[in-house]
Amino acid sequence: MSTNVSRYDPSVSEHGWQAAWEAADCFKAEGPDCGKPKYYVLEMFPYPSGRIHMGHVRNYAMGDVVARFKKAQGYNVLHPMGWDAFGMPAENAAIEKGVHPATWTYENIDAMRAQLKSLGLSFDWSREFATCDPSYYRHEQAMFLDFLDAGLVDRRESIVNWDPVDHTVLANEQVIDGKGWRSGAPVEQRALTQWFLKISDVADDLLSALDDLTRWPEKVRLMQANWIGRSEGLACSFELEAPAGGATHIDIYTTRPDTLYGASFCALSPDHPLTIALAADDTKLAEFRALCAARGTSESEIEGGEKLGYDTGLRVRHPLEPDWLLPVYVANFVLMGYGTGAIFACPAHDQRDLDFARKYDLPVYPVVRPADDDATFSVTNTAYTGDGVMFNSRDLDGLAPDTARAQIIDRFETENRGARQVNFRLRDWGISRQRYWGCPIPMVHCDTCGAVPVPRADLPITLPEDVSFDEPGNPLDRHPTWKHAPCPKCGADATRETDTFDTFVDSSWYYARFTGLDDARPTERAAADYWMSVDQYIGGIEHAILHLLYARFYARAMNRTGHLGTDEPFAGLFTQGMVCHETYRDNDGNWLLPEQVDRREAGAFLRTDPTHAVEIGGVEKMSKSKKNVVDPDDIIATYGADTARWFMLSDSPPERDVQWTQDGVDGAWRFVQRVWRLIDTHAEALRDVPTSAGAPADLSQEGRALYESVHRSIDSVTQDLDALGFNRAVARIYNLANALSSFEPTGKPSDHQVLKAGLEALVQLFAPMMPHLAETCWQALGGAGLVAQTAWPKADAAALEVDTVIMPVQINGKRRAEITVSKSADQATIEQQARAEPQVEKFLDGKPIRKCIVVPGRIVNFVV
RNA sequence: GCCCUCGUGGCGGAAUUGGUAGACGCGACGGAUUCAAAAUCCGUUUCUUUCAACGGAGUGUCGGUUCGAGUCCGACCGAGGGCACCA
């Protein structure tokens with residue numbers, strides 16, 4: 001080995017290669033007529049918070065590997081990047097620092113773009129946009145009008161989740177444990193008039209189409225299916241004994257019509273119209289309603305949800321037994337937003353009803369008993385929800401519950417007193433937000449004409465720039481002039497809608513916009529038809545429901561309004577795990593940054609004070625609040641982008657969490673240097689060695705072995721990358737590097753040829769992961785052009801076919817020996833050879849062989 | 001409470017359709033090089049029997065299917081995630 005090996009310095013080479021790729025326009029997507037198959041790879045675009053974090057590095061490193069790999073395989077690759085740029089943090093910055101949200105946002109974008117570029121990611125930057133660009137959101141406004149025309153938009157008053165800290169409305173999906181997903185504040189219930197997108201109209205399709213998303217993680221499909229929550233049941237009425245509150249009957253929905261004979265009471269939601277009507281003349285009921293509203297979705301849920309009720313004194317007739325009267329309660333556990341907001345209760349077979357019945361001393365009649373139980377079956381404090389046999393149910397006795405269910409529904413339908421109904425948990429998507437930094441909703445409110453769409457010619461409705469954030473609430477609402485506009489219909493003085501879109505609207509169609517940046521339209525249909533759907537979408541599991549469900553709805557809405565030709569935005573989805581790090585605290589319980597800690601065998605100490613012990617906490621997701629963060633800029637400055645990328649792809653399977661460790665980075669860094677030494681050691685001697693397709697003639701035994709090893713590596717890395725098995729690909733590449741390092745050329749020309757070809761293959765195989773190092777190595781080996789523009793190596797099928805194979809020999813399932821046999825040997829030959837093996841003979845010990853299993857190429861097993 | 005996923009060395013993790021468990025990396029230990037260190041290179045590293053073996057055990061626990069189980073089936077234990085009054 002040369003005594004004068006150089007070190008690879010990424011700080012010198014990386015910028016140069018980034019410039020070279022840009023100069024060669026390497027990553028610009030080609031047009032539909034380029035003759036190549038298309039491949040659209042997309043990573044979830046970031047919110048421009050100001051700095052990228054390690055989670056971004058992992059996410060974009062994975063996407064970049066896919067993009068570069070597919071490009072090398074001959075695909076026309078679209079790999080764009082943009083910014084999810086509207087949202088609350090910009091307003092918070094305005095409040096805290098007095099900087100305008102737009103200024104703050106665009107400065108952050110500039111900073112983060114520079115960071116992403118320093119990672120050497122193969123983005124087609126010519127398609128970059130931010131969702132806060134008027135050139136983007138004008139089309140969002142136009143599409144909203146299209147959706148309005150297509151009947152996909154609704155405006156109605158509803159009880160909404162109000163976030164008292166952010167002063168805005170939240171969708172159900174955005175309320176987590178009764179708290180706002182961003183602010184963490186307990187959510188209140190308020191009545192507000194809101195714009196809705198009618199996502200529930202396509203609930204059935206969103207559910208059934210999940211079956212075809214075979215390249216989505218099963219977990220995400222399941223989560224969406226649960227969220228959509230389809231159920232089938234009976235809608236019917238219970239007649240009031242006497243009309244009350246303007247009603248003659250109560251409409252209910254039930255999935256358990258089979259348990260009708262076990263009915264005990266009916267219950268109304270506190271927000272049910274009849275409840276509200278009754279409360280007008282009943283102060284106690286009004287007080288009860290206020291109590292329920294105050295408890296809202298917040299505290300009561302966290303504390304376990306105690307059942308509360310109020311007896312209205314009303315009675316309803318049982319629909320199957322007109323003489324049977326049931327009491328009507330108002331109950332806090334009945335939701336107005338689902339079904340009809342009223343239920344009949346069968347406490348024996350529903351835990352909530354049972355809890356309620358026990359509390360208010362209402363009867364419990366079991367009507368389903370386990371098949372192996374008898375008619376004395378009773379229920380105490382646990383409702384029986386299992387399958388079994390109907391009893392105490394007149395004509396239904398003896399039937400299975402699902403038969404009874406069908407029979408009852410049929411009966412109601414024939415008698416015209418009810419109907420089979422499908423309900424969904426999924427509600428319409430409320431998109432109004434009382435914020436400034438969002439896309440204005442292009443509507444005008446006129447006293448005479450109502451809500452009137454802004455004429456398309458007047459779009460975009462842009463945000464005013466002179467706004468203040470010195471008081472809570474929406475600056476658009478209190479702006480002196482912005483909201484005043486004539487009614488587009490009658491010309492009278494009117495006011496603009498001051499709400500802006502939920503930012504999830506912005507991210508619901510950006511993938512489509514990337515396919516073609518038409519000035520006049522949201523999409524270029526031809527380009528969109530060519531590129532869509534996204535072949536591989538990569539992002540965090542935290543978007544399994546919110547973003548991914550909205551985007552699926554939006555694609556359908558865009559399809560219906562002619563902007564897209566497909567319903568599904570993402571044909572393939574991959575959800576990567578989080579980046580975690582150890583946590584550290586000092587004696588006073590303060591969190592410490594990793595660089596403040598000196599980590600030693602015996603324990604950890606404060607770097608600045610070796611006597612100050614540090615407690616090492618759990619490994620958790622990197623977060624600013626726990627200070628267990630590592631800044632990508634620091635890592636890139638010290639080790640280069642390739643080391644950071646390589647480490648992010650090594651070891652842990654991509655769908656799982658990965659732990660960032662200094663040892664791991666050091667390991668990646670060592671490999672970078674090792675590869676460079678390997679190339680540098682041989683580069684000069686090999687520069688003029690010709691490489692040929694196929695195996696060089698006259699190979700030595702070692703040369704032959706290396707050749708086979710190289711081609712096995714090509715084959716398996718290709719398979720691993722196809723399956724997004726980055727950690728497996730990394731392991732294969734280590735193997736290949738080891739094989740190349742230990743190869744000693746004898747001086748035979750064929751040895752040099754096979755070594756050079758092997759080194760070139762190595763460089764090409766790791767190029768998608770460490771693209772800068774790959775270019776430097778490629779150049780040193782005298783390779784033509786850029787690796788980034790080189791075709792993916794092909795495995796020589798002949799080299800993968802080995803002629804002899806080592807087979808283990810088992811006796812009674814225990815491995816006792818191995819034999820080397822010809823690949824083509826038949827079973828009898830293999831058995832004979834195995835039998836002749838001394839070890840085997842020893843263990844067989846003359847015992848009679850009961851059976852001999854021979855799986856050619858795999859195993860021999862003697863049963864004695 | 002309901003639903004889902006996962007349990008493999010000191011650690012991260014490999015292991016086509018059931019077919020040599022522990023690839024690859026990290027860490028650790030021993031050695032080489034060095035005045036010394038860093039860097040690098042070589043070797044060992046699942047546990048275990050006094051050393052060694054082509055000895056025994058071994059993929060959370062217990063059982064089953066099979067010539068053969070990390071992989072399939074059942075029960076249990078543990079960890080993680082999702083949903084949570086959806087009638």
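As rounded to the nearest Å, C85(B) and G78(B) have P atoms that lie 27 Å from one another. With P as the reference atom, G70(B) and U8(B) are 14 Å apart, rounded to whole Å. G10(B) and U17(B): their P atoms are spaced 29 Å apart (whole Å). If you take atom C1' in A15(B) and the same atom in U20(B), they sit 11 Å apart, rounded to whole Å. Across A57(B) and A69(B), the matching P atoms stand 13 Å from one another, rounded to whole Å. Comparing U34(B) with G25(B), their C1' atoms sit 28 Å apart, to the nearest whole Å. U46(B) and C83(B) are spaced 42 Å apart, taking the P atom of each and rounding to whole Å. Taking atom C1' in both C73(B) and G82(B), the straight-line distance is 27 Å, to the nearest Å.
Each of A84(B), G25(B), G13(B) was ranked by its minimum atom distance to the side chain of Ser652(A); first place goes to G13(B). Of the listed nucleotides (A87(B), C83(B), G27(B)), A87(B) has the atom at the smallest distance from the side chain of Tyr338(A). Among the nucleotides G27(B), G82(B), A87(B), the one closest to any side-chain atom of Ile343(A) is A87(B). Considering only the side chain of Pro653(A), A14(B) comes nearest among C83(B), A87(B), A14(B). Looking at the side chain of Arg425(A), the nearest of the listed nucleotides A87(B), C83(B), C67(B) is C83(B).
Under the 6.0 Å cut-off for aromatic ring centres, Trp660(A) and Phe647(A) qualify, their centroids lying closer than that.
Here A87(B) presents its C1' atom at 12 Å from CZ of Phe238(A), a figure rounded to the nearest Å. Per the geometry, CD belonging to Gln659(A) stands 13 Å off C1' belonging to G27(B), to the nearest Å. Between the CD atom of Gln719(A) and the C1' atom of U16(B) there is a distance of 9 Å, rounded to whole Å. Atoms OH (Tyr384(A)) and P (A87(B)) sit 19 Å apart, rounded to a whole Å. Following rounding to the nearest Å, Leu268(A) (CG) and A87(B) (C1') show an atom-to-atom distance of 13 Å. Distance Leu354(A) CG to A87(B) P: 18 Å, rounded to the nearest Å. We find that CD1 of Ile853(A) is positioned 13 Å from C1' of G18(B), with the value rounded to whole Å. The nearest whole Å value for the distance from the CG atom in Leu546(A) to the P atom in G82(B) is 12 Å.
For residues 721-743 of chain A, the pairs satisfying salt bridge (Lys or Arg N to Asp or Glu O under 4.0 Å) are Lys70(A)-Asp722(A), Asp720(A)-Arg728(A), Asp720(A)-Arg732(A), with sequence neighbours left out. Sorted by first then second residue, the salt bridge (Lys or Arg N to Asp or Glu O under 4.0 Å) pairs that include residues 213-234 of chain A, not counting sequence neighbours, are Asp204(A)-Arg230(A), Glu218(A)-Arg221(A), Arg230(A)-Glu232(A).
Counting all heavy atoms, side chain and backbone alike, Pro327(A) lies closest to Ser264(A) at CD-O, 3.5 Å.
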Using the 3.5 Å cut-off, write out each protein N or O paired with an N or O of nucleotides 20-24 of chain B and the distance between them.
| from | atom 1 | to | atom 2 | distance (Å) |
| --- | --- | --- | --- | --- |
| U20(B) | O2 | Arg815(A) | NH1 | 3.3 |
| U20(B) | O2 | Glu818(A) | OE1 | 3.4 |

Identify all pairs in which a protein N or O lies below 3.5 Å from an N or O of nucleotides 1-3 of chain B, and state each distance.
none

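Ring geometry, Phe671(A) versus Tyr734(A): the interplanar angle falls from 30° to 60°, so the pair is classed tilted.
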Before you tell me yes or no, could you show the steps for Phe265(A) and Phe356(A) under ring-ring contact (aromatic ring centres under 6.0 Å, His included), namely the whole-Å CA-CA distance, both residues' side-chain angles and the distance that decides it to 0.1 Å? CA-CA 10 Å; Phe265(A) 59 98; Phe356(A) 192 88; 5.1 Å; yes
Show the numbers, then the answer: is there a side chain to side chain contact (heavy atoms under 4.5 Å, CB included) between Asp657(A) and Lys621(A)? CA-CA 8 Å; Asp657(A) 290 352; Lys621(A) 180 188 177 178; over 6 Å; no
Under the side chain to side chain contact (heavy atoms under 4.5 Å, CB included) rule, what do Thr254(A) and Leu260(A) come out as? Steps first, then yes or no, please. CA-CA 9 Å; Thr254(A) 178; Leu260(A) 263 172; 5.7 Å; no
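Checking each of Leu268(A), Ile343(A), Asp271(A) against Val334(A) for a side-chain contact (heavy atoms from CB on, under 4.5 Å) leaves exactly one that passes, namely Ile343(A).
Put simply, Arg656(A) has no side-chain N or O that comes within less than 4.0 Å of OP1 or OP2 on G80(B). The shortest distance between the side-chain N/O atoms of Thr661(A) and the OP1/OP2 oxygens of C11(B) is not below 4.0 Å. Distances shorter than 4.0 Å separate some side-chain N or O of Arg677(A) from OP1 or OP2 on C41(B).
Among the atoms of the strands shown, none is found under 4.0 Å from any heavy atom of Ser650(A).
Taking a 6.0 Å sphere around NZ of Lys359(A), one finds it holds more than 12 heavy atoms contributed by other residues, nucleotides or ligands.
Each of Asp666(A) and Asp350(A) was assigned the nucleotide of RNA chain B with the nearest heavy atom; the assignment lying further toward the 5' end belongs to Asp666(A). Residue order along RNA chain B, read from the 5' end via each residue's closest nucleotide, puts Val855(A) first among Val855(A) and Arg256(A).
Partners of Glu620(A) according to the salt bridge (charged side-chain N to carboxylate O under 4.0 Å, His left out) rule, which considers only residues two or more places apart in sequence or in another chain, are Lys626(A).
Remark: the Asn423(A) side chain and the Ser231(A) side chain contain no N/O donor-acceptor pair separated by less than 3.5 Å.
Residue Asn861(A) places a side-chain atom within donor-acceptor reach of the base of C67(B), judged by atom type and a 3.5 Å distance cut-off alone.
Taking the ring axis of Phe333(A) as reference, the NZ or CZ atom of Lys307(A) stays within 45° of it and closer than 6.0 Å to the ring centre.
Annotated as syn: G9(B), whose O4'-C1'-N torsion sits within 90° of 0.
Helical stems in RNA chain B, defined as runs of 3 or more consecutive Watson-Crick or G-U wobble pairs with donor-acceptor distances under 3.5 Å: B:1-7 with B:77-83, B:10-12 with B:24-26, B:27-32 with B:40-45, B:46-48 with B:55-57, B:60-64 with B:72-76.
Side-chain atoms of His349(A) come within 3.5 Å of backbone atoms of Tyr384(A) as a donor-acceptor pair (strictly under, hydrogens ignored).
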